[in-house]
Structure formats: C-alpha cells, structure tokens
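Chain naming here is simple, since letters A, B, ... match the order of the sequence lines and numbering starts at 1 in each. What you are looking at is a predicted structure, and each value in this text was computed from that prediction instead of being measured.
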Amino acid sequence: MSENSPEKEVVVKKNFIHQIIEEEIKAGKNGGMVHTRFPPEPNGYLHIGHAKSICLNFGTAQKFNGITNLRFDDTNPSKEDTEYVDSIMEDVRWLGFDWGDRLFYASDYFQKLYDFAVRLIEEGKAYVDDQNAETISSQKGTPTRPGTESPFRNRPVAESLDLFQRMKAGEFNEGERVLRAKIDMASPNMHMRDPIIYRIMKTPHHRTGDKWSVYPMYDFAHGQCDYWEGITHSVCTLEFEVHRPLYDWFIDQLKDSDYRPRQIEFARLNLTYTVMSKRKLLQLVKENYVNGWDDPRMPTICGLRRRGYTSASIRNFAERIGVTKVDGVIDVALLEHSVREDLNKHAQRVMGVLNPLKVVITNFPEGQVDELDAVNNPENPDAGTRKVPFTREIYIERDDFMENPPRKFFRLSPGKEVRLRYAYFITCNEVVKDENGEVVELRCTYDPASRGGNSPDGRKVKATLHWVSVTENVKAEVRLYDRLFSDEEPDGHKDKDFLEFLNPDSLEVLDNCYVEPFVKDAKALDSFQFERLGYFNVDPDTSSDKLVFNRTAPLRDTWAKMQGK
RNA sequence: UGACCCGUGGUGUAAUUGGCAACACGUCUGAUUUUGGUUCAGAAGAGUCCAGGUUCGAGCCCUGGCGGGUCAACCA
C-alpha cells in the first residue's frame, strides 16, 4: 500500500564529497566521469548505517550522471557466506537502487591480484615472511616506536617467488607463511610497516571453492579492484583514513596512466538508543536477545522493512542527516519523523482497538448493522472512502474512558458525551464493574440524529473516539515496539557492556485486538494508520487464521506528553 | 610522548568560499481540526572549543593551545 513512494524523489543536498567532485569536473578530471561502488563484505546483514553509504554512493553517481557498481568484498572465506550475498542484494534493490549488470566480487580478481603480487615480488617490493603471527606483530613496533625489519625481508626474489607459488599450491599450513609488501618498517603510519598482503587459508570460498589456498588482505584487494573497475571515487568510512597512503601506494605500483581512483572518507552513522556494529548485531541475534536479523527492533534494513519503514523514508532520512567527517550521533527521533512523514501521506486509515472495553449502545436496535462512510486518507482525497459497520455493541480503547477524569481529559467518562469517529455522538450513562471493581462494560445511549458524526443542532463535543464493532471485526495480534536499549549510547560506556542497557520492555504483544473488517485481506508488509494510535503494518507471521500487526511508530501524542509531566 | 582526522543552538547539517550565523529534528506557545494526528502561525535556544595574529571586516585564513576520534587483526 505504501512500501515505496517513488513519486517524491529525494532532493539531494550538496555535501563535501559533491563539492570535491564538482571541482574535479571543473578541472576536467576523469573526463567528467563519476563512477562509484558499494562494497559490502557478505558477512552479515545490512543496517541503516549501510543505507547511508548506499544512498551516498548511488546518489552521488546519479547526481553526476555516473554509475555505481555493487561489489562484494569477499576476501575472507572464513567469515563470508552466500546467505548474506542474497540478503544484501535484496536490501539494496528494496532501497530503490540498481547496479545494472555491474555486479562484481573481489573474488573475480583473485588471479589478477595474484599476478600483481608476483610482479611486486619480482620488482623487489614484496617478500615471503616465514615468521608466525606473534613474531611479526612484535616486530611491528607501536604507534610511537618504529618497527624492526623481518630477517626474511631481503631474501632473494627467486626464493620468495618459489615460496609464494608453493603457498598457493597448498604446500604449507595456515599461519606458516605470509606475503608482505616491502615498504617502510619505520613509517609513522602503522599500515605502511610492511603490511601483510596474502595469507594462507584452507577454508573453501563460497565462490571459488578450494581453488585457492592463499587470499589477499583487504588492503591489497580493495584499491586494485577499484582501479580495474574504473572507479573514480572510492567512498568509505573514517576508520580507513589511515589506510589511504597504503591504498595509494598499491595504485602507484599498478597504474599505467593518469587515471587513479580516489579514496574519500566520511563519518559512519550512529543512532541514539541503538548499536550499529555488525559484531554486536550478530551477538543480539546469536544469543537470542532478538528474534533474528529481521526482528523489527533491529536497525537492519530487513528489520526496518519488517517494522514498516518505507524505503522512501529511509532515503529521505539519509539525505536529511547529511555527509561529513564529524562523527556524531543522530537522534532516532529523526528517523521516526521520516517514516511518519511518509506514512502520513500514504497510509490507508483504519480503526483498530488495542485494549478493548465493551460499550453497549442501549438505545440502538439489536441485530442491526449500520454501514457508515469513512475517509480512507484525509491527506489524499483520491484514496476515496469505505464503509465501516456500526452495531449495538462496540469496543473502544480502555484509555479512552476514565471514571474520575482529570481536568484536561476530553474523552469518555460518566455523563459525558463524545463522538464515535464517522458514527454517532454517545453519552455514557452507566459503568459496569466486576467483583474486583474493574470496569468491564459501559452502557451508553446514542443520538440517532448525529449519524456521520455531526449533530444537527450544532452541539459540539471535545473528543472523537475510534471504535470497532463487537460482531463485525477482524481479530488481530499487535506487537508494540519500543527502543531496544534504554541508554542513548549503549556501547558508549567503557565500564559497562551494551547488553546491560537492553530495554526489557522493547516488545509488548497484545493478542486481544480488534480491527475493522477492511483489513481482512491485507498482505504482509501492508501499512495502515490505526487512527489516533499510530502506523501499523502486517507482519509476515500473519496466517490465514491469524492477523499480526507491528507498530511501526506511534502518532505524536500530546495527551501522553502532558501526562508524562 | 607518533601519525592522521575532527570541533557551529539539545541533536544533525548550512553559511554565495572573508561580509554582522540559516535550515531540519526536538522543545514551548497559539490557531484550525470528526485522528489530542496532519496543517498553519509564532517563540525560546549558538555568537561558531580557547588564546593570539592577518584584515576595514574571520565560523571560514595563519600560529599555538585544549578537547574528541582513529591506527599496533594472517578482519573488513
């Protein structure tokens, strides 16, 4: 119904990367071509932080009439899997982006990468090191102290060549030898201290099987892939800033013209009340703190989608937050605002009662069904109207009745008259309680002249209540979500684990809810506004005999806010 | 004590590249309303981390501090 709203395209603001590109184009660089790439590692599901990167990479290319490649950075078979490849493609597509026929894998370049490594050895710019991980690491030095050179650093080229070939042939065990670039063990940049560029791995690769037993490291693969694909702008997050000299060093060895990809770093997205690291998200899933990667409380793309977020709202959000090198934290309220804005314009309105309280209209004929007209979306007259059945017995929201109301409570209470949305004015005459003193039923009378919601005598009422017929309805389960963590920055505490801040009330399941018949044929992911309550969408758990809704976001609620004070 | 990066209302982003700080979210008023939603009108809130300097003029340039982040995986 409103999963996507492509008609309203996102206005792309100018950020510092666009500014750099504009200047380059003015200077005639790359013949005015802009070619970006989105390079996920297939070792987890995409989250809202990746969405920012996706929108940046694809959006930037679109802005400058360029193109974007999708490239899986699959250089570590021990962590990667095709399960993730599929979900990543689905998510990028759902976000509304298209890589055309430019789907690549770092593994496509394994042979070229290997050949390039051989060339570096031949040129005396790389060597095989026989030392183990601990030894190599101890020779690395520290950020303030230079490292020491490996005893194998100056072994004959022929020897390195032979050993590297035998590493590839599988003659050695994992960890026995590595290939290192010969750069500068005294560099103030740790990444330039003879970085390891190939390691032995015997784990089968999800695409190349057991063809290889040596795999390139990220630093040795990424820039070269960019180069071979003709990428002009290699946009990545801030933590790769210190890698840039190494990225450039490899390109320097490789390039045979003026062309070279340019790495530009930006700040990754952080959101209040959530964690964003893949490791932590994986932990939440593995240890069952949530129900899978697509749990609607997760900041994953699939979680947000299941929660009812539209791709348009995520694209708008990505645009709103901007792109800079300042690493900060975005208020989740901005994300929530983005969905409400989109859903307000597009969501079908419907009435649903979450915590039912039975109301008997004593002067309404028994057995009669009154079909009333209701507006489908006040923001969009073209959405038309529908019929809602009204009967002698209805449900209203428990919160909409108070026996002893405070001054500002406009809703129903003994003796008071309110409007039932699209139906009639009713007055509460009697409160029926059970033996515990709990209100179990209200007995009201209606004014037949107020059909449709207006009284001919011009009488005003302060409140309009939503309602659902006791006999004409669809029963449903509704899942209410709150933030997963109770702390603004759950992983921002040095002395406390982020799990300590898990919100025990992040999920509330209501299984005695009633919705008007209109929703009976709703399909998974369809979005609705339950009037006065919020936006809800149909969960895929829905079956033919059980309708399940997720609350995407509540409506702004000034009454709740007043009470909170 | 090293290298690199960053520092503008509560939060995020802007500022025609040197011309008296704007927009969004949030907050608070008020109006409208058959959703205490939406919409509309308005308000409060920073003098741009600090100190010097250049200049008629600095958030933008220079110098020096201070604060924060990243980097010592055979991860990406």
May I ask you to say what [X] touches in the nucleic acid, namely base, sugar-phosphate or nothing, with a heavy-atom cut-off under 4.0 Å?
| X | result |
| --- | --- |
| A:Asn132 | base |
| A:Thr324 | sugar-phosphate |
| A:Tyr215 | nothing |

Any-strand Watson-Crick or G-U partner of B:C75, both distances under 3.5 Å
none
Name the pairing partner of B:A22, where a pair is Watson-Crick or G-U wobble with both distances under 3.5 Å, or state none.
B:U13
If I take atom CD1 in residue A:Ile183 and atom P in nucleotide B:A72, what distance separates them, rounded to the nearest angstrom?
16 Å
Students often mix this up, so state it plainly: with edges at 30° and 60°, are the rings of A:His243 and A:His191 parallel, tilted or perpendicular?
tilted
Plane angle bin for A:Tyr446 and A:Tyr424 - parallel if under 30°, tilted between 30 and 60°, otherwise perpendicular:
perpendicular
Suppose we call a contact any N or O donor and acceptor under 3.5 Å apart; does that hold for the side chain of [X] and the base of [N]?
| X | N | result |
| --- | --- | --- |
| A:His243 | B:A76 | yes |
| A:Arg320 | B:G12 | no |
| A:Arg349 | B:U35 | yes |
| A:Glu379 | B:U39 | no |

Going by distance alone, is a donor N or O of one side chain under 3.5 Å from an acceptor N or O of the other, for A:His466 and A:Arg421?
no
Syn if the chi torsion is within 90° of 0, anti otherwise; quick check, which is B:G47?
syn
If anything within 90° of 0 is syn and all else is anti, what is B:U17?
syn
Is A:Tyr218 stacked on the base of B:A76, with ring centres under 5.5 Å apart and planes under 30° apart?
no
In this structure, which one of A:Lys182, A:Arg153, A:Lys140 forms a salt bridge (charged side-chain N to carboxylate O under 4.0 Å, His left out) with A:Asp194?
A:Arg153
